[in-house]
Chemist: 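One structure, as structure tokens, below. Some questions next.
Whatever order the structure lists ligands and atoms in, that order sets their numbers, starting from 1.
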Amino acid sequence: MNNRIRVTGLIAAGLLVAALTAPTAPTAPAAHAGERGHPSGPGHPGKHPGGQPGKQAVAVGHGGAVSTVDADATAAGLEVLRRGGNATDAAVAAAAALGVTEPYSAGIGGGGYFVHYDAPTGRVGTIDGRETAPAAFARDSFVDPATGEPYPFSPERVTSGVAVGVPGTAATWERALDRWGSISLRAALEPGTRLAQRGFVVDETFRSQTLDNAERFAAFTSTSEQFLPDGDAPAVGTRFRQRDLAATYRLLARRGADALYTGALAEDVVDAVTDPPTTAETDLPVPPGAMTTEDLADYRTVDRKPTRIRYRGYDVYGMAPSSSGGTTVGEALNILEQSDPSAMGEADVLHHYLEASALAFADRGAYVGDPAYVDVPTAELLSDRFAAERACLIDPDTAQPKPVPPGDVTDVDGACGDTGEARSWEDNGLSTTHLTTADRWGNVVSYTLTIEQTGGSGIVVPGRGFLLNNELTDFSATWSAEDPNSPEAGKRPRSSMAPTILLQHGRPFLALGSPGGSTIITTVLQMLVNRIDLDMPIDAALAAPRASQRNTAAVTSEPAFIDAWEDTLAVYGHTLVPAGDAFTSAAEIGAATAIEFGRGGKLTAVAEPERRGGGAAGVVQPRRHHW
Ligand code: GLU
């Protein structure tokens, strides 16, 4: 009980800290690339006196680029590029560094989706490294045997062993390096191992994320030892070391990804899932999972064909199911392509964006799940005829009542229409992390990875230094034959991750992505609308305030979006409500990253100026002059 009171106090303190320091979303588009000064100078992150790299939101130059949410991770990717590594090498190195500095969003306890443009062949390839339900996971695993009702989302499903999927990230790194990399996993893990061993300097974001999670972290012996040393979140400005994680990375360096999927580490993962290391004092329920060492040994990534659509002269490549990112972003763009933004004002463009997004989300809910279990009609969802059927439901002056029903993919005849029951599937989240890399040879990576919730399941594998995911919370809570995302043994829960690469005339134009649960889809979509339809420079397209319409009655919006658009969009019938949920103190949507490709090899790497404390963009050779 004492423990609980102390932790509640910590949370209150954390909220206060966060309120005092909360990043505010920008109210106006940011300056154009290159117009913003920075103490580190243009192009590379530089160093701050405390030893951690400085950070900037925009970097312009040549020879390769990296953009992540974190200065240390961007520095890790740039280090690999400077030593002659390629975009895949840099992406894996940056991701491994994020596993250290952003351990609540990403790491080897989670999964993700890796999208790659291969300059020599001009092909886009993808790796599905999504977590997978264990073989003993049942259709009713989220149903409490005591009540016959689904466990409440929080705390039971969120902080549990039962929601832990078999992790895919270490296998993704190995597969990506095998397919496209030029260095070993050992070499790619080096910068991350160093960061874990020597420590990184704690910033406000890390401290406030720790405090947001303090109650559930305190429920586990391993997690509280690691992230709440002396009963408090590490102080801002102190160096935070993770020696267990460094040792785990060294083990992976020696034995390859197999070290996670077989042997003693696999056994430790299984123990943590099936018998979570709860403290004697906690009163959190923490339902255990049923993962086995066979589940880990059987885990495989999947090489998938990307989704592809044409949008106003660009080829847009995205992640195919098991993520709904590629189909939903693609369908919404196809719907939007039926209208002409040059004939509209900005409010009309935003109205169409919100309406197209709601329609695409209705179809996502009805049709998209793990293709190993569900016959996903990807071609129909991405067809222009289907888009025409959906687009004609948009009234240019008036928002449709939400939720809207899905379309009928079994009868795509181009006639205006919808069918079936209107349902909304809202899920939130600010966790996850997206990184974007490019190399001097023209290869590009867009990679989104996650452990689901900020802090995942809350369970650190004892002695191993990393958090396990709670990705199976992305399934629906109960099974139904109509729901493509029903829980099932061996299945991958439907994701919203949307790592995206755009080509123009066969050459890279833009690579981008975002965290944020199902708002990932709307963030990627809105950034593309900003860049292509509203002709904003890429840094402004990324920084502009966001709104997310996921087929719900009201539009989840950042405060700055509400300030700017509430009255105008009310005329169409849109109601805007502030973003934010019970798990986080930030009212922001999606800390995104992007790289845009210009003429003559010019690279513009862009990260957030403010969201999640600001990200870090860097290039190998910063430009010396204005273009
Ligand atoms: N689990 C989410 C997904 O795969 C990502 C989690 C988040 O971004 O909060 O779509």
Chemist: Compute the shortest N/O to N/O distance between G517 and ligand 1 and return yes if it is under 3.5 Å, no if not.
Modeler: yes
Chemist: So which heavy atom on G77 is nearest to which on A90, and how close?
Modeler: O-CB, 3.5 Å
Chemist: Using the rule side chain to side chain donor-acceptor pair (under 3.5 Å), only one of T523, T500, T448, T68 pairs with H434; which is it?
Modeler: T448
Chemist: Within ligand 1, which atoms have a heavy atom of R130 less than 4.0 Å away?
Modeler: 3 (C), 4 (O)
Chemist: Decide whether the shortest distance between a heavy atom of R494 and an atom of ligand 1 is less than 4.0 Å.
Modeler: no
Chemist: What atoms in ligand 1 come closer than 4.0 Å to a heavy atom of D474?
Modeler: 1 (N), 2 (C), 3 (C), 4 (O), 10 (O)
Chemist: Under the ring-ring contact (aromatic ring centres under 6.0 Å, His included) rule, what do Y151 and F142 come out as? Steps first, then yes or no, please.
Modeler: CA-CA 6 Å; Y151 292 117; F142 287 143; 7.5 Å; no
Chemist: Which atoms of ligand 1 have any heavy atom of M497 under 4.0 Å away?
Modeler: 4 (O), 10 (O)
Chemist: Which bit of Q453 is near ligand 1, meaning a heavy atom under 4.0 Å away: side chain, backbone, both or neither?
Modeler: neither
Chemist: Could you walk me through whether E471 and R130 pass the salt bridge (Lys or Arg N to Asp or Glu O under 4.0 Å) test, one step at a time?
Modeler: CA-CA 9 Å; E471 211 70 54; R130 184 67 160 169; 3.0 Å; yes
Chemist: For the atom pair OG1 (T74) and CG (L435), what is the distance rounded to the nearest 0.5 Å?
Modeler: 8.5 Å
Chemist: Can you list the ligand 1 atoms lying under 4.0 Å from a non-hydrogen atom of E471?
Modeler: 1 (N), 2 (C), 4 (O)
Chemist: What atoms of ligand 1 come within less than 4.0 Å of a heavy atom belonging to G516?
Modeler: 8 (O)
Chemist: Is the distance from the ring center of Y117 to that of Y317 below 6.0 Å?
Modeler: no
